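On a predicted model such as this, the values are computed, not experimentally measured, just so you know. Just so we're on the same page: letters track the sequence lines, and every chain starts at 1.
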Amino acid sequence: MKFDKSLIATLREDPKEAESKSHRILLRGGFIRQLASGIHTYLPLGWRILLKISNIVREEMDRIGAQELLMPALSPKEIWEESGRWQEYGDDMFRLKDRKDREYCLCPTHEEIVADIARNKIRSYRDLPQMWYQIQTKFRDEPRPRSGVLRSRQFIMKDSYSLDRDEKGLDRSFNLHRDAYMKIFKRCGLDFVIVEASGGLMGTGESKEFVALVEGGEDQLATCKQCDYRANMQVAEGQGEHKSFADTPITQVATPGKRTVEEVTEFLNVCAENLVKSMFFTAAGKEPVLILIRGDYEINEDKIVCLLGHDYQPATAEEIKKHFDAEPGFVGPVGVENVSIYADELLRDAQGMITGANRDGYHIKGLNLKRDTRVKEFVNLRMIRHGDRCTRCGGEIHIQTALELGHIFKLGTKYSISLGANYLDEKGQARPIVMGSYGIGLERIMACACEQQGDERGASWPISIAPFDTYVTVLNPLDEKVAQMSGEVIQLLTNAGLSIIIDDRDISAGIKFNDSDLIGIPVRVTVGPKGVKSNRIDIYMRQTGERLDVDKSEVATKCLQIKKLLYERISE
RNA sequence: CGGGGCGUGGCGCAGUGGCUUAGCGCGCCAGCUUGGGGUGCUGGAGGUCGUCGGUUCAAAUCCGAUCGCCCCGACCA
């Protein structure tokens, strides 16, 4: 491919909207172009990278016996009503109507569609197991698209689904995916770790995330400094210190206008550990729930969802007033009726605590949880924080930003039951198919490679996903001898099977060198007037900056050698 | 949804009430020059100052509304 007429538009200056490294590189190098918030065009250079990534993904998925198919991106409402996710997905789902006023969505994921295929196609245990996958565009109306391609509203995902007869089969499919994912990310030249994760909207089964520890990430991770414990913030559990204060009878204390932990601690001159926060959650048609958590911790809403279900939401101010006869900020657990109370485990033996008095402008002192409240259960409901202790080894927990590359879930029978996807076992008994769901964000691999390998000069693609193997710089292209020699070199490289991009633009050398660095092609071959007389060619490696001076006759073998070497480095 | 910031040729920016024709750098076009890390010079093309409304003799500039984009948070397979 010639640089000259290509749709590559490198930018001389950093685009102002790009703050993260990968976003900056992708825009400046002309890999992507933004059309609207969270919506991008993949220009030829970026698309070639995504195609390389897809091929690696495809090879590894095929290798574990998954079959590729393509499901529609557009889907009628009804099937999502069967699973309940037409409701659950809420505003994150793009919805539209056809000319007959029928409702549709742009699929954010495909469990329902898979279950629909399965309920029609799978009859017997003999049809199982199955693994189906696709590489397809997904749509999610993210509340805040971010960092270019890292969190966008339209993105390309490899999603696969396993269908098994039982948990044992699911374990096998899950492990096959885990191994395939490790190979995929490794082959793409990325550094990553596997962490415990939460299923979120998918379900509550086992789930693991493949994440890269990079600064520009969209995710947060709790990691133990001492052992290898790593978990997504939503599921991470740390050891906290139990704190107790002198046991006294309950007394009311006026705290006019002091609602937040900060305000109350300052006003009463106590520490945040002495406070109990009360958070009220409601769900249509269900008993409301009061969650108690110590003042120095934040509530982990994901854990609430796991405990109570997706339909529970933080209550509105009106609901709070109705149940407690007090404004938010003055709510507490003492004397409440028709409300289930759950408390964070750190409050198990807490006494002498301060909490809302269920009376505007008042708190109570001397709360003894055991004595004064009817706590249904003590469980870990708090968000882990920097400096907590590891539950496994007692080491210090750190919070790091990370980039989620892939996610694997054990769905179990959630979708097969709600959509009626059953099979007949040996005894002729109908049983729900046991499902798993597995995703990889292709653009995130591209962005991650920028974060991990890019530098101030631009991208530096791992050879396996580089848009081209070799960048041929032709200096003084109007010089006849140079033109002739570059033609020969191009022929040699092409014959050797290398993919090349030819930069014979009639501009100064520096621009070409800088562009080649910016778009990050692993190997650069320079043909110029200096080398023409002696038939010498300059070869330069982007990652290491190494330079070689070779005879024209060796140029192809040398480039092939380097390519091989670069592949070897990835697999080490 | 809360907080902050920004919308002026393709890109990055300057311009807070009257210099007539809205500037500068880069890019683009023409010509020369230079030629191994963004060469120098000359001449050109290109702008409803996000949109709508208001104030004023006069608005890119002041006021109001609205749309869009970015960042932090909330949220998020």
Inset, instruction - Determine, using ring centers only, whether A/Phe210 and A/Phe185 are less than 6.0 Å apart. - result: yes
Inset, instruction - Hey, can you tell me if A/Tyr89 and A/Trp80 have their rings parallel, tilted or perpendicular (30° and 60° cut-offs)? - result: perpendicular
Inset, instruction - Taking only the side-chain nitrogens and oxygens of A/Ser508, find out if one of them lies under 4.0 Å from OP1 or OP2 of B/rU39. - result: yes
Just list the side-chain donor-acceptor pairs under 3.5 Å for residues 31-38 of chain A, sequence neighbours left out, or say none.
from    : atom 1 : to      : atom 2 : distance (Å)
A/Gln34 : NE2    : A/Ala36 : O      : 3.4

Inset, instruction - Can you check each nucleotide of nucleotides 10-16 of chain B against protein heavy atoms at under 4.0 Å and return B for base, S for sugar-phosphate only, - for none, in 5' to 3' order? - result: -BSS---
Inset, instruction - Taking only the side-chain heavy atoms of A/Gln234 (C-beta and beyond), determine which of B/rC75, B/rC70, B/rC76 contains the nearest atom. - result: B/rC76
Inset, instruction - Could you check how far CG of A/Asn514 sits from P of B/rG38, rounded to whole Å? - result: 7 Å
Inset, instruction - Considering only atom C1', compute the distance from B/rC11 to B/rG38 and round it to an integer number of Å. - result: 15 Å
Legend entry - Euclidean distance for C1', B/rU48 against B/rA22 (whole angstrom): 13 Å
Inset, instruction - Look at all strands and tell whether A/Thr526 reaches a base, only sugar-phosphate, or nothing, counting heavy atoms closer than 4.0 Å. - result: base
Legend entry - Electrostatic pair A/Glu13:A/Arg28 at N-O distance under 4.0 angstrom: no
Inset, instruction - Report which part of the nucleic acid A/Ala9 touches: base, sugar-phosphate, or nothing (heavy-atom distance under 4.0 Å, all strands). - result: nothing
Inset, instruction - Rounded to whole angstrom, note down the P distance from B/rA59 over to B/rC49. - result: 12 Å
Inset, instruction - Answer with base, sugar-phosphate or nothing: what part of the nucleic acid does A/Asp538 contact at a heavy-atom distance below 4.0 Å? - result: base
Inset, instruction - Assess whether one donor atom and one acceptor atom, taken from the side chain of A/Asp517 and the base of B/rG37, lie less than 3.5 Å apart. - result: yes
Legend entry - Heavy-atom pair with the smallest gap, counting every atom of A/Ala236 and A/Lys303: O-NZ, 3.0 Å
Inset, instruction - Could you work out the separation of B/rG7 and B/rG12 based on their C1' atoms and round it to a whole Å? - result: 14 Å
Legend entry - Interatomic distance where CZ belongs to A/Arg151 and C1' belongs to B/rC70 [whole Å]: 16 Å
Inset, instruction - Would you mind classifying the nucleic acid contact of A/Asn476 as base, sugar-phosphate or nothing, using non-hydrogen atoms under 4.0 angstrom? - result: base
Inset, instruction - To the nearest Å, give me how far apart CD (A/Glu142) and C1' (B/rC70) are. - result: 17 Å
Inset, instruction - Under 4.0 Å between any heavy atoms, over every strand shown, what does A/Arg524 touch: base, sugar-phosphate, or nothing? Just pick one. - result: base
Legend entry - A/Arg524 charged N/C atom sitting above A/Tyr540 aromatic ring, 6.0 Å / 45°: yes
Inset, instruction - May I ask you to say what A/Glu301 touches in the nucleic acid, namely base, sugar-phosphate or nothing, with a heavy-atom cut-off under 4.0 Å? - result: sugar-phosphate
Inset, instruction - Under 4.0 Å between any heavy atoms, over every strand shown, what does A/Arg536 touch: base, sugar-phosphate, or nothing? Just pick one. - result: nothing
Legend entry - Sole candidate of A/Met383, A/Arg385, A/Met233 that passes side chain to side chain contact (heavy atoms under 4.5 Å, CB included) when paired with A/Ile399: A/Met233
Inset, instruction - Identify whether any heavy atom of A/Asp159 sits under 4.0 Å from a base atom; if not, whether one sits that close to sugar-phosphate; answer base, sugar-phosphate or nothing. - result: nothing
Legend entry - Pairwise 5' ranking along RNA chain B for A/Val527 and A/Arg144, keeping only the more 5' one: A/Val527
Legend entry - Sequence neighbours excluded, every pair satisfying salt bridge (charged side-chain N to carboxylate O under 4.0 Å, His left out) that has a member inside residues 153-164 of chain A: A/Lys138-A/Asp159, A/Asp141-A/Arg153
Legend entry - Euclidean distance, atom NZ of residue A/Lys512 to atom C1' of B/rU39 [Å, nearest integer]: 13 Å
Inset, instruction - Measure from the side-chain heavy atoms of A/Ser147 and tell me the nearest of B/rC71, B/rU39, B/rG36. - result: B/rC71
Inset, instruction - Quickly work out the A/Phe155 CZ to B/rC76 C1' distance and round it to whole Å. - result: 10 Å
Inset, instruction - From the options B/rC70, B/rG37, B/rC75, select the nucleotide whose nearest atom is closest to the side chain of A/Arg146. - result: B/rC75
Inset, instruction - Answer with yes or no whether A/Asp506 presents, from its side chain, a donor or acceptor under 3.5 Å of a partner atom in the base of B/rG35. - result: yes
Inset, instruction - Quote, to the nearest angstrom, the C1' distance that separates B/rU33 from B/rG40. - result: 7 Å
Inset, instruction - Classify the ring geometry between A/Tyr181 and A/His177 as parallel (under 30°), tilted (30 to 60°) or perpendicular (over 60°). - result: perpendicular
Inset, instruction - Return the 5'-most residue of the pair A/Glu218, A/Ala36 with respect to RNA chain B, ranking by each residue's nearest nucleotide. - result: A/Ala36
